Amino acid sequence: MEHKNYKAINQSVRKKDSMQLLLGKPVYTDDITSDDALVVKLLRSPHANAIVQDINVTIAKKVPGVVDIYTWKDVPKQRFEIAGQTYPEPSPYDRLIIDRHVRFSGDIVAIIAAETEKAANKAMKLIKVKYEVLEPVLDFHTAKDNPILVHPEEDWAQYCPVGGDNKRNLVSTEFHADGDVEAILSDCDIVIDHKYHTKAYNQAMMETFRTYCEMDRYGRLHVISSTQIVFHARRILSQALGIPKSRIRVEKPRIGGGFGAKQTAVSEVYPAFVTLKTGRPCELIFTREECFIGGCPRHEMEIHVRLGASKDGIIRAIDFHALSNSGAYGEHGPTTVGLTGTKSIPMYTSNLEAYRFDCEVVYTNTVSAGAYRGYGATQGLFAVESAVNELAEKLHIDPTSIRDKNMVKEGMVMPAYYGETANACALDRCLDHCRRIFNWEEKYPVRDMGNGKVRTAGVAMAMQGSCISNLDVGSATVKLNEDGGYNLLIGAADMGTGCDTILSQMVAESMGCSVDNVAVFGADTDASPYDSGSYASSTTYITGMAVYKACESLKKRMCAIAAEMLDCNVDELAFEDGQVIRLGTDTTVSPVDITYKAQCNSNLVAEATESHASPVSPPPYMVGMVEIELDKLTGKVDILDYKAVVDCGIPINPALARVQTEGGIVQGIGHTLMENVTFNRFNRPAESSFLQYKIPTRLDMGKLRVEFEHSYEPTGPFGAKSIGEIVINTPGPAIAHAIYRATGVWHRELPITPEQIALSKPEE
């Protein structure tokens, strides 16, 4: 594909589902499912580590409306995992539908199926459980090789060689390096050496986890779920339930937010089991409290960074160690931690002589972690970008100048990023652009505003990826209709990101039609072509290339059908401006005529399916700058201004890219200033509702402005890279930097609360 003047690409087209949402049409799981479904509820353990010695459900089953109650005695005994990942999954097979050994306060003890929610809740209170309470492992610093094992079972299994060992409480380990780190660090003029800690943030999507199940008219399990991973969910259900994948159909309706949480099959298994046992439709809807105590939050991590540089700010070596808390189960543990280093160290490729990255992921008796937007890069970038800002402040060099000297630039090979080349990189232009629109030189100095309030600024850069290279697959089917419009069938899940709209823009650009003439369907394992799912920032880049390839194949198919109509050779024809033309003549064949020919005495079908995988994962890049006002008496931080400039290649839909960026920035601000996770005396997250777990609203934001610097990615559809995840990564280090400027104190743990700011004193 050559860079050209696009008609449908780089246009701010209205989202496909915008009117349905604005008009309140039934589009979500609970809107479109049966009203007579059984209600499924889950009884959860009050203990962080225990063995169920006995469970008595006799009285609970007598509650009017209760259909059945299931315990560890009733479920299949084969282990599985619930991470939405391509097979063979790196995550360990360490779960049962219900395990007699409960491993965190909130783990499942029983499944209740009832005619009404009232009956299910009443029965839940009448179940009598006798526990053998065990000592838990709660501190992830002491988990490895602890005599208390979170998973002592003999049938624990891991099918990828990622260094896991359940007898050591290890989910995985990883190591890679280039150059002699110790030698370079010992030769550096200055070494920044600190540990950085981020907590287990919750995705806090508006629509909680929910799944509806029924037996269809062919005796197959039909699952409608708010999920990002229909094909992976089908495989997970097959493994957990012990039934063939051909007997399972999974589809997703409109998703009310996911942010990675729904890349994990948190809710699907339980109602599926009930439907198989009863033959009746049923639905499980998590309460908001259940999302907090039994969901799949971001991995808590501690990252130790040693960053060595010369006195003029040349970064020569980075030593990076990550310790990640996977919680009670291992889903996403091996894969999130790898991104902490691979999506942070490569940004400083220019002068880097050596790097070392090693990590460990451990089990603890806390709620199990999962996928969250940024997927490990968020934690790694907080550490590395904070260390770079500390370097700049120690050397009294402008932190943007430090980055000018050291950042990766287009054409550079990145050893710490799988040896890939930065073929499309506008990071330097992003920094220049952001400095200009933010007015950095004016806002960076500390300004005393009186009454104990000061204003100043901070900066951070970020990179992410555009897929999981050499692994995940996107597919698309494009079909020509009788009216000359097109149907696009995809397996990727639109979770509010607008991928249905973006991918239809690609069809419109390729086929020379209006976006309104493209109807999108997905995702459904029975009807959609295979797609790994919507995660790893891969939909625009991977599924988008599948769409482009399918359109190119369809053009060839349409030319072949037209050749039958014109009784000529296909090489005399070309597809141009939305129709087939005969070269050197005025003869044209419309898509409508081609459709009818394909439906009458033809051996050619007017549709095409293509798949795409990529050997590379070109990074998007971003620069963020924040201005704060800090009250030294109370520690309160107000965000006055946030400017961001993003390089996502060619934005397919600039308006959608902008709102993606704005939303991610606000999420990152929440992580940095207010979203806190503490544990109560039952070792459950104390912040189990939005009354305690505070997320930012529009009132917590000052000015927010997002702009773009274009690069052209040759391996992406129409020059595009990803944007979905990178946008959450700059607020943490940028705000921490600004707080240091205002107070003289580096805060290396997130969130940074007003209490911490007010009580902290500058380092000696």
Side-chain angles (χ1 to χ4, degrees), residues 1-9 473-491 502-522 527-531 541-615 650 652 712-720:
M1 286 179 291
E2 296 180 357
H3 193 1
K4 62 179 183 179
N5 294 320
Y6 298 125
K7 295 179 180 178
I9 299 300
V473 170
S475 303
T477 297
V478 183
K479 301 166 63 175
L480 176 62
N481 293 323
E482 292 95 327
D483 62 358
Y486 297 88
N487 279 85
L488 171 62
L489 283 68
I490 56 173
I502 289 165
L503 297 175
S504 67
Q505 287 179 254
M506 296 183 188
V507 175
E509 185 68 43
S510 296
M511 305 309 297
C513 68
S514 164
V515 175
D516 292 335
N517 288 342
V518 182
V520 187
F521 172 84
S528 301
Y530 176 79
D531 195 290
Y541 179 73
I542 290 289
T543 308
M545 274 303 295
V547 169
Y548 172 79
K549 289 162 71 173
C551 289
E552 293 302 298
S553 294
L554 180 56
K555 290 177 187 178
K556 293 177 182 177
R557 185 65 58 87
M558 291 171 68
C559 286
I561 296 169
E564 290 182 347
M565 300 170 65
L566 299 176
D567 193 22
C568 67
N569 293 324
V570 71
D571 57 9
E572 297 178 44
L573 304 177
F575 190 96
E576 291 183 9
D577 297 324
Q579 60 187 350
V580 174
I581 65 168
R582 190 167 186 175
L583 299 172
T585 73
D586 293 331
T587 303
T588 62
V589 184
S590 73
V592 172
D593 292 336
I594 290 171
T595 307
Y596 284 117
K597 171 56 182 171
Q599 295 175 352
C600 182
N601 192 29
S602 176
N603 293 313
L604 298 173
V605 62
E607 65 179 65
T609 300
E610 294 288 348
S611 292
H612 183 70
S614 177
I650 301 297
I652 303 299
Y712 186 84
E713 174 50 52
T715 65
F718 307 99

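In this text the structure is predicted, and so the values were computed from the model without any measurement. We're numbering straight along the sequence, starting at 1.
In the model, Asn481 has no side-chain atom that pairs as donor or acceptor with a side-chain atom of Thr595 under 3.5 Å. Judged purely by distance below 3.5 Å, without hydrogens or angles, the side chains of Thr715 and Tyr541 pair a donor atom with an acceptor atom. Side-chain contact, Tyr530 with Ser611: no donor N or O sits under 3.5 Å from an acceptor N or O.
Listed for the Glu509 side chain is a donor-acceptor partner under 3.5 Å among the backbone atoms of Ile9. Looking only at distances, a side-chain donor or acceptor of Asp483 sits under 3.5 Å from a matching main-chain atom of Gly485. In this structure, Ser475 contributes its side chain and Pro529 its backbone to no donor-acceptor pair below 3.5 Å. Between the side chain of Thr588 and the main chain of Ile581, no donor-acceptor pair closer than 3.5 Å is present. Side-chain N or O atoms of Gln505 include one that pairs as donor or acceptor with a backbone N or O of Ala8 at under 3.5 Å.
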task = Go through the steps to decide whether Val507 and Val547 satisfy the test side-chain contact (heavy atoms from CB on, under 4.5 Å), and finish with yes or no.
result = CA-CA 7 Å; Val507 175; Val547 169; 3.6 Å; yes

key: Working for side-chain contact (heavy atoms from CB on, under 4.5 Å), residues Ile650 and Tyr6   = CA-CA 11 Å; Ile650 301 297; Tyr6 298 125; 4.3 Å; yes

request  = Take Ile490 and Asp531, measure what side-chain contact (heavy atoms from CB on, under 4.5 Å) needs, and give me the verdict at the end.
outcome  = CA-CA 7 Å; Ile490 56 173; Asp531 195 290; 5.7 Å; no

ask   = Yes or no on side-chain contact (heavy atoms from CB on, under 4.5 Å) for Val518 and Asn487, after CA distance, side-chain angles and deciding distance?
value = CA-CA 6 Å; Val518 182; Asn487 279 85; over 6 Å; no

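You'll find the side chain of Ser510 reaches within 4.5 Å of the side chain of Phe718, heavy atoms only. Considering only heavy atoms from C-beta on, Val478 stays 4.5 Å or farther from Leu489 through its side chain. When side chains are defined from C-beta on, Val473 does not count as touching His612, because their heavy atoms never get closer than 4.5 Å. Contact annotation: the side chain of Met558 approaches that of Pro591 to within less than 4.5 Å [non-hydrogen atoms, C-beta and beyond]. Looking at Val589 and Gln579, their side chains never come closer than 4.5 Å, going by heavy atoms from C-beta outward.
By the neighbour-count criterion of 12 heavy atoms within 6.0 Å, atom CG of Asp577 is sparsely surrounded, having that number or fewer from other residues, nucleotides or ligands. For Asn603, the CG atom sits in a loose shell: 12 or fewer heavy atoms of surrounding residues, nucleotides or ligands are nearer than 6.0 Å. Within 6.0 Å of NZ in Lys555 there are more than 12 heavy atoms belonging to other residues, nucleotides or ligands.
The nearest pair of heavy atoms linking Tyr486 to Cys513 is CD1-SG, 3.9 Å. Minimum heavy-atom separation, Gly522 to Ser528: CA-OG, 3.9 Å. When all heavy atoms are compared, the tightest approach of Ile542 to Gly474 is CG2-N, 3.3 Å. Val592 and Glu482 make their closest contact through CG1-O, 3.3 Å (heavy atoms, listed as atom of the first residue, atom of the second, distance). Counting all heavy atoms, side chain and backbone alike, Asp571 lies closest to Leu583 at O-CD1, 4.1 Å. The two residues Leu488 and Ser504 have their closest heavy-atom pair at CD2-N, 4.0 Å.
Legend: salt bridge (charged side-chain N to carboxylate O under 4.0 Å, His left out) pairs involving residues 582-610, not counting sequence neighbours, sorted by first then second residue: Glu572-Arg582.
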